[in-house]
Amino acid sequence: MAKPSTLKFRAFLSYSHADTKSAKWLHRSLEGYRLGKELVGRATAIGPVPQSLRPIFRDREEFAGGHGLTEATIAAIDASATLIVLCSPASAKSKYVNEEVRLFKARHPERPVIPVIVEGSPPENFPPALHFELESDGTVSNRAVTILAPDLREEGDGKSLALAKVIAGLIGVGTDEIARRAERDQRRRLRNWVAGLSSVVVALAGLTISAEVNRRDAVEQRRVADQRRQEAERNFALAKGAADGLVFDIAQGLRDVEGMRASTVAKILATARATFEKLADSAPNNLQLQRSRSAMLHEFGNTYFAQGNMQAALDAFRTSHSIFDRLANTDPS
């Protein structure tokens, strides 16, 4: 058996073009995964753990008429240590996917094949060459084999656990070890994110409150401190703009974070909301700050909605509407 380190690709990713979105996500996640120092170089049954999982070959060809696999595709199959197959009703019907699986198993029976479920139910979502043994001449038999496959869907393993299972199969270590490490990394990133967010928001809060106090004092003493007032207003505008940008980036950015729990998103948004509302409460007559507060809550409502937290979304939208309604009554312009 050729060792993975002597082959060009860590894996060959086979999939139906109907599953391109899932294929791109898995390809990006695998190539971007960082193997920790405690894993790199460890001896396993399939060789030492590499420094990274790249490159992963993602096939972009398609069957056209009666043509078979291209020479480039066959060469990539031969140069891959593992075959990853995205399983779905579409891939089960794909002659192209089936031929890739059949050729890999026939030419390299000692190399592992990792099926990954993206849609449908076994065995109907398995290509025939995956679901059945091959004969000695490389043709597909009628002898079914038992297959255990990671399931990317939330009702299955979910993306995080399924990805851990695939990575474990690629490097030859236990799934639990990869999953625990992923959880530790996610908790560490979350702690760093919340700590960074808190420090920046606190700094902005102090600057904004100070700027608002100075602005009000300067207005009252306009004849003797006009320059101070202008400087305070500039500082206030800069601080408010920075606070707006930070809060809105948080709300919009959290919608695209994969694998983060809805409760974690709610906790981060609640922290940002509480801090921003302290700023707004410190200047209740500042219409611009109150308007930003309303817009912030509207964005938070969109993020809660995207996470499926309907009650929190409704609360945010209602509060946003109430603030904006008061502003409209105070200043119709």
Side-chain angles (χ1 to χ4, degrees), residues 4 9-36 39 44-47 49-50 52-59 77 80-94 97-98 100-102 104-105 108 110-133 144-186 257-261:
F9 302 108
R10 177 61 49 176
F12 182 104
L13 180 55
S14 178
Y15 62 97
S16 164
H17 278 229
D19 303 319
T20 296
K21 182 177 179 180
S22 296
K24 287 182 176 180
W25 176 86
L26 183 58
H27 183 263
R28 183 174 64 250
S29 298
L30 291 173
E31 288 208 330
Y33 188 82
R34 295 183 180 181
L35 294 165
L39 289 176
T44 72
I46 60 175
V49 175
S52 73
L53 297 177
R54 38 174 89 178
I56 304 289
F57 184 87
R58 181 167 71 86
D59 192 11
I77 287 175
S80 298
T82 310
L83 177 68
I84 301 173
V85 188
L86 294 194
C87 300
S88 69
S91 67
K93 297 175 183 177
S94 170
V97 172
N98 189 66
E100 288 176 337
V101 177
R102 188 199 67 79
F104 187 90
K105 289 175 64 176
H108 311 291
E110 76 285 0
R111 299 182 192 175
V113 177
I114 304 175
V116 180
I117 296 174
V118 295
E119 249 188 82
S121 301
E124 288 78 12
N125 56 356
F126 292 152
L130 179 66
H131 182 45
F132 296 99
E133 293 181 2
V145 295
T146 301
I147 299 174
L148 297 177
D151 191 334
L152 286 177
R153 298 170 297 182
E154 288 305 316
E155 62 269 27
D157 294 313
K159 286 185 175 180
S160 296
L161 180 56
L163 179 64
K165 289 182 177 181
V166 175
I167 293 170
L170 289 176
I171 64 177
V173 302
T175 299
D176 288 345
E177 185 171 1
I178 298 297
R180 286 196 301 270
R181 182 176 180 274
E183 289 176 358
R184 289 197 304 269
D185 290 345
Q186 184 177 25
V257 177
E258 296 174 341
M260 185 174 289
R261 296 177 181 273

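A quick note: this is a predicted structure, and the numbers were derived from the prediction, not measured.
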Engineer: Which atoms form the tightest heavy-atom contact between Ser91 and Val97, and what is the distance?
Structural biologist: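 In terms of heavy atoms, the two residues are closest at O-CB, 3.9 Å.
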Engineer: For a quick test of reading the model, state the closest non-hydrogen atom pair linking Leu170 to Ala11 and the distance between them.
Structural biologist: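 Closest heavy-atom pair between Leu170 and Ala11: CD2-CB, 3.8 Å.
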Engineer: For the residue pair Lys105 and Glu133, establish whether any side-chain heavy-atom pair is separated by less than 4.5 Å.
Structural biologist: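 SC-SC contact between Lys105 and Glu133 ruled out.
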Engineer: How long is the span from the CZ atom in Arg28 to the CD1 atom in Ile56, to the nearest 0.5 Å?
Structural biologist: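 Between Arg28 CZ and Ile56 CD1, I get 14.0 Å after rounding to 0.5 Å.
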Engineer: Are Tyr15 and Val118 close enough that some pair of their side-chain heavy atoms sits under 4.5 Å apart?
Structural biologist: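 Contact flag for Tyr15/Val118 side chains = no.
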Engineer: Which donor-acceptor pairs under 3.5 Å do side chains of residues 120-130 form with protein atoms, sequence neighbours excluded?
Structural biologist:
residue, atom, partner, partner atom, Å
Asn125, ND2, Glu119, O, 3.0
Asn125, ND2, Gly120, O, 3.4

Engineer: Counting only heavy atoms not in Lys93, do more than 12 sit closer than 6.0 Å to its NZ atom?
Structural biologist: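 It does not: Lys93 NZ has 12 such atoms or fewer within range.
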Engineer: Within this structure, what is the OH-CD1 distance for the pair Tyr33 and Ile171, rounded to the nearest 0.5 Å?
Structural biologist: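 It is 7.0 Å, given to the nearest 0.5 Å.
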Engineer: May I have the step-by-step check of side-chain contact (heavy atoms from CB on, under 4.5 Å) for Ile84 and Leu30, ending in yes or no?
Structural biologist: CA-CA 11 Å; Ile84 301 173; Leu30 291 173; 3.8 Å; yes
Engineer: Counting only N and O atoms by type, is there a donor-acceptor contact under 3.5 Å from the side chain of Arg111 to the main-chain atoms of Ser80?
Structural biologist: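 Side chain of Arg111 to backbone of Ser80, a donor-acceptor pair under 3.5 Å: yes, one is there.
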Engineer: Report the distance from atom CD1 of Ile117 to atom OG of Ser22, rounding to the nearest 0.5 Å.
Structural biologist: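 Output value for this atom pair is 12.5 Å.
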Engineer: Test side-chain contact (heavy atoms from CB on, under 4.5 Å) on Leu152 and Trp25; report intermediate values, then the result.
Structural biologist: CA-CA 11 Å; Leu152 286 177; Trp25 176 86; 3.6 Å; yes
Engineer: Could you state the interatomic distance from CG (Asp19) to CG (Leu26), rounded to the nearest 0.5 Å?
Structural biologist: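 So the gap between those two atoms works out to 11.5 Å.
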Engineer: Would you name the heavy atoms of Ala18 and Ala90 that are closest together and state the gap between them?
Structural biologist: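 That closest heavy-atom pairing would be CB-CB, 3.7 Å.
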Engineer: Check Lys159 against Glu154 and note the closest heavy-atom contact, atom names and distance.
Structural biologist: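 Smallest heavy-atom distance, with atoms named: N-OE2, 4.2 Å.
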Engineer: To the nearest 0.5 angstrom, please state how far the NZ atom of Lys24 sits from the CG atom of Leu13.
Structural biologist: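 If I round to the nearest 0.5 Å, the distance is 12.5 Å.
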Engineer: Quick one: closest heavy-atom pair of Leu39 and Val49, and the distance?
Structural biologist: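 Answer, listing the atom of Leu39 first, then Val49: O-CB, 3.1 Å.
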Engineer: Please answer whether the main-chain N or O of Asp157 pairs with a side-chain N or O of Asp151 as donor and acceptor at a distance below 3.5 Å.
Structural biologist: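 No, the answer is negative, given that no donor and acceptor are paired below the 3.5 Å cut-off.
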Engineer: State whether the side chain of Arg54 and the backbone N or O of Glu31 hold a donor-acceptor pair below 3.5 Å, judged by distance alone.
Structural biologist: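 Confirmed, Arg54 side chain pairs with Glu31 backbone.
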Engineer: Contact between Leu83 and Ile77 at the side-chain level, heavy atoms closer than 4.5 Å - yes or no?
Structural biologist: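 SC-SC contact between Leu83 and Ile77 ruled out.
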Engineer: I need the minimum non-hydrogen distance between Leu35 and Pro50, along with the two atoms involved.
Structural biologist: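 It is CD1-O, 3.1 Å.
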Engineer: Is there a side-chain contact (heavy atoms from CB on, under 4.5 Å) between Ile114 and Thr82? Walk through the geometry before answering.
Structural biologist: CA-CA 7 Å; Ile114 304 175; Thr82 310; 3.7 Å; yes
